[in-house]
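Here the structure is laid out as structure tokens; the discussion comes afterwards.
Worth knowing before you read on, the calculation uses all heavy atoms, side chains too, and leaves out hydrogens, waters and symmetry mates. By convention in this document, chain letters (A, B, ...) are assigned in the order of the sequence lines, proteins followed by strands, and residues within each chain are numbered from 1.
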Number of protein chains: 2
Amino acid sequence: MSTASTRRPARDRILDTACELFYAHGIHAVGVDRLIAESGVAKATLYKQFPSKDDVVAAYLRRMDDRWQRGLRSTALAAGDDPREQLVGVFVALEHAAREGTLGCAFINAAAEYHPGSTAHAITAEHKRAVRAWVRDLTAAAGAADPDTLALQLTLLIDGTLAATRVEHADVAAGAARQAAQAMIDSACPQPD
Amino acid sequence: MSTASTRRPARDRILDTACELFYAHGIHAVGVDRLIAESGVAKATLYKQFPSKDDVVAAYLRRMDDRWQRGLRSTALAAGDDPREQLVGVFVALEHAAREGTLGCAFINAAAEYHPGSTAHAITAEHKRAVRAWVRDLTAAAGAADPDTLALQLTLLIDGTLAATRVEHADVAAGAARQAAQAMIDSACPQPD
DNA sequence: ATTGCAGTAGACAGACCTGTCTGTTAACTT
DNA sequence: AAGTTAACAGACAGGTCTGTCTACTGCAAT
């Protein structure tokens, strides 16, 4: 058919569907059959692209990680030059996400389905470490007295907000988180302006 | 055998095992067969006590809710009479839990495995509401200017800490959370002493 | 034109899932 | 001692899971 050349490659379609279904319903709740049915791909194609379902899961998490890192960076860019404002910008973005009805953190969700020590846990831990390191760079740039602790506290607040958005429309919660973050940043960073 | 009379009733043994396995491995990852094998119960017994696996899951969550509420109350009792100290006591308890290697919040974990709108989500939302209401009573008693917002912020911090303890040994994180909570409480509650 | 490649469609195997059913054993009650 | 009840052991049904395999289709490049 004529749309064949314009259609996204099979691997991408699989991952598109995986992101949608795994994120909304959980990983174990979505079988390979449903995955291929909704992505319009033959089973053999899926197993050619990915040796097993676990590899689809890993690729799903890696893609989500990419999205997050990209999102964080563009959020910071949009928030201006002041690292303090960039940090608060992250929480503003969370507020928007909560208003749109996000379904929580894909990594926390994935870790919930697996025993500690599993690959999903490892990828989740790695993602959290990366985000925390990124936040830590900002808290350090903001001149925080103890950038590590402040970064830790802010990421805990982020994770709490994300967890809340999984179970309810948490725009109020996200607003409260933004406000708390602002206060924590203000009190931890001596302002030299 | 002679231990039969001292043995816990079948229903309790099923729930004991459910708490252990569902919490550690996730709900979908644990089948009924494994449940009965590890609790030493016949399949017919399980299906006599619970109409379906979903009912086991609901009972599991209800028991976890009980445990939490009980734990919160005894934590508050142990922390003294001052509501501010009781609030901080919750975070001290989280620190202990993180040190023992807790596996996160059973409700956040359960919600991650189901689509929004499911029973697991409803029970989770109800649990979170109850905890938040309990914390709100304390923030009000502590004389917070805006007890609702402070309660929201503290519960977000709690959830974030719990989410972190699922993916890593988060004793440092829990300590940072306690410190942040202390600061938030101090700045939000005018101290009349 | 033909060869190769990537994808589609779908049958199939074997394991595991939930849930039912039949029988047996052991304890408690009267 | 007899009867009742609860629990045990495990076969079984019907469905779904992951993963493999065969056969067909369309496109692209030589």
base_contact_polar (D:dG19 base, A:Lys43 side chain, donor-acceptor, <3.5 Å): yes
Proximity to the side chain of B:Val32 - top-ranked nucleotide from C:dA9, D:dC8, C:dT18: C:dT18
Under 3.5 Å donor-acceptor pair, A:Lys48 side-chain atoms to C:dG7 base atoms: no
Nearest-Å distance for atom pair CZ/P, residues B:Arg34 and C:dG19: 18 Å
Side-chain N or O of A:Gln49 closer than 4.0 Å to phosphate OP1/OP2 of C:dA6: no
Proximity of B:His28 and B:Tyr114 rings by center, below 6.0 Å: yes
Residues in contact with DNA chain C, drawn from residues 14-21 of chain B - heavy-atom cutoff 4.0 Å: none
Phosphate OP1/OP2 of C:dG7 contacted by A:Arg8 side-chain N/O (<4.0 Å): no
For atom CZ of B:Arg13 and atom P of D:dA7, their distance in whole Å: 8 Å
Nucleotide C:dC17, atom P - distance to CG of B:Leu46 in whole Å: 14 Å
Distance in angstrom units between A:Asp33 CG and D:dG19 P, rounded: 12 Å
Verdict with reasoning, A:Asp16 to A:Arg63, per salt bridge (Lys or Arg N to Asp or Glu O under 4.0 Å): CA-CA 10 Å; A:Asp16 290 344; A:Arg63 177 186 269 212; 2.7 Å; yes
Out of C:dG7, D:dA9, D:dA7, whichever nucleotide has its closest atom nearest the side chain of A:Ala10: C:dG7
Short side-chain donor-acceptor distance under 3.5 Å, B:His121 and B:Ser118: yes
Geometric class of the A:Trp68/A:His127 ring pair [parallel <30°, tilted 30-60°, perpendicular >60°]: perpendicular
Separation of D:dT18 C1' from A:Ile27 CD1 (nearest whole Å): 16 Å
Upstream residue (5' side of DNA chain C) when B:Ala44 and B:Tyr47 are each assigned their closest nucleotide: B:Tyr47
